[in-house]
Chemist: 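Mind looking over this structure? Questions follow.
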Number of protein chains: 2
Amino acid sequence: MQQRFETFTVLIAKISRSIRRIKAEEMSEFHLKGPHVSCLYYLTQLGPLTAGQLCDRCEEDKAAVSRSLEYLEQNGYVTRPDKRYRSPLTLTEKGQETGRAIAGKIDRLVEAASEGLTPEQRQVMYDALTCISGHLERLAAPRKSQNGETDL
Amino acid sequence: MQQRFETFTVLIAKISRSIRRIKAEEMSEFHLKGPHVSCLYYLTQLGPLTAGQLCDRCEEDKAAVSRSLEYLEQNGYVTRPDKRYRSPLTLTEKGQETGRAIAGKIDRLVEAASEGLTPEQRQVMYDALTCISGHLERLAAPRKSQNGETDL
């Protein structure tokens, strides 16, 4: 049981770190950082989105997404009619090109990362991770709301 | 393909965050933080270890482990004959009790987190994650060594 905990948390920590590192290294040629890449990626995949919709997708906090959008706008990757939270962002020509280049890199990385796994094994893994992620979110949530009420 | 990348990275990010949150909340009753818990956990599981051995196990950086051990020693959880890096740390009576309590919590959390998965599904998931983690570490490593040499 404890062996399982150890294996799982260490695996997740290692994978997280590798993803962060690869993202940073791969994207340095574009002079973009993690949250910039996430924003460009989702705008490429899904078309115009508001800052709020990007926050939901990116799993980044609002402040990080705001700063990223500011940067992407100033550097000519995205445009928006005005600065309001509900105003949708659109990729410029430069943004579209970069988005396509990023998507190509991601394809090659996903291919390399999942080499040797059958589609069935991948599916079982995704289902299991989705199941565990759901359980963990529920386990984390009530604790959060009890915070400060009790020290037990 | 890109759907897969998104699903995988978002799942890993969510699980990471939940684990961090649960660890912090569960351990606040002991007035311990993440790296403290990891150190106590491994000392309980494996017996006396040096700071170096704990670093390898904990997937935390040396400075964080050093600070944790300092804290655990000052608060009477561990003792060591001297402060050298190679000197093994031993749990005190208080450290052993806390370690057992933590192990019990971990057992219950692992049980709850993996509810609904068969042993076979879990095994496929572990094998797939181990495989992906290995690929990602190799993908991250050469980039790291090239860092600064080229902007391509």
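Sequence lines set the chain letters: A, B, ... in the order given, protein chains first and strands last, and positions in each chain run from 1.
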Chemist: Is B:Val65 reachable from B:Leu91 through a run of hydrophobic residues whose side-chain heavy atoms are each under 4.5 Å from the next?
Modeler: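 Yes, because B:Leu91 and B:Val65 connect within a single hydrophobic cluster, where side-chain heavy atoms sit under 4.5 Å apart.
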
Chemist: Below 4.5 Å, heavy-atom pairs only: which of B:Ala113, B:Cys131, B:Ser133 has the largest tally toward chain A?
Modeler: B:Ala113

Chemist: Where do B:Ala140 and A:Ser18 come nearest, in terms of heavy atoms and distance?
Modeler: CB-O, 4.3 Å

Chemist: I'd like to check A:Phe8 versus B:Ile19 (side-chain heavy atoms, cut-off strictly below 4.5 Å). Are they in contact?
Modeler: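 Of all side-chain heavy-atom pairs linking B:Ile19 with A:Phe8, at least one is under 4.5 Å.
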
Chemist: Flag the one option from B:Leu129, B:Asp127, B:Ile132 with the top tally of heavy-atom pairs under 4.5 Å to chain A.
Modeler: B:Leu129

Chemist: Taking all atoms of both residues into account, what is the closest heavy-atom pair of B:Lys14 and A:Glu137, and its distance?
Modeler: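 Distance-wise, the nearest heavy atoms are CD-OE2, 3.2 Å.
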
Chemist: Can you tell me how far CD1 of A:Ile15 sits from CD1 of B:Ile15, rounded to the nearest 0.5 angstrom?
Modeler: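 B:Ile15 atom CD1 to A:Ile15 atom CD1 measures 9.0 Å (nearest 0.5 Å).
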
Chemist: Could you check which of B:Ala24, B:Gly134, B:Ala128 has the highest count of heavy-atom pairs closer than 4.5 Å to chain A?
Modeler: B:Ala128

Chemist: Please flag which part of A:Ser38 lies under 4.5 Å from any non-hydrogen atom of chain B: side chain, backbone, both or neither.
Modeler: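 Looking at A:Ser38, nothing touches chain B.
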
Chemist: Between B:Leu117 and chain A, which part of the residue has a heavy atom less than 4.5 Å away: side chain, backbone, both or neither?
Modeler: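 The answer is the side chain of B:Leu117.
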
Chemist: Any link between A:Val124 and B:Leu11 through a network of hydrophobic side chains (Ile, Leu, Val, Met, Phe, Trp, Tyr) touching at under 4.5 Å?
Modeler: no

Chemist: What's the separation between atom CD1 in A:Ile106 and atom OG1 in B:Thr9, rounded to the nearest 0.5 Å?
Modeler: 8.0 Å

Chemist: Measuring from B:Glu25:CD to A:Leu139:CG, what's the distance to the nearest 0.5 Å?
Modeler: 12.0 Å

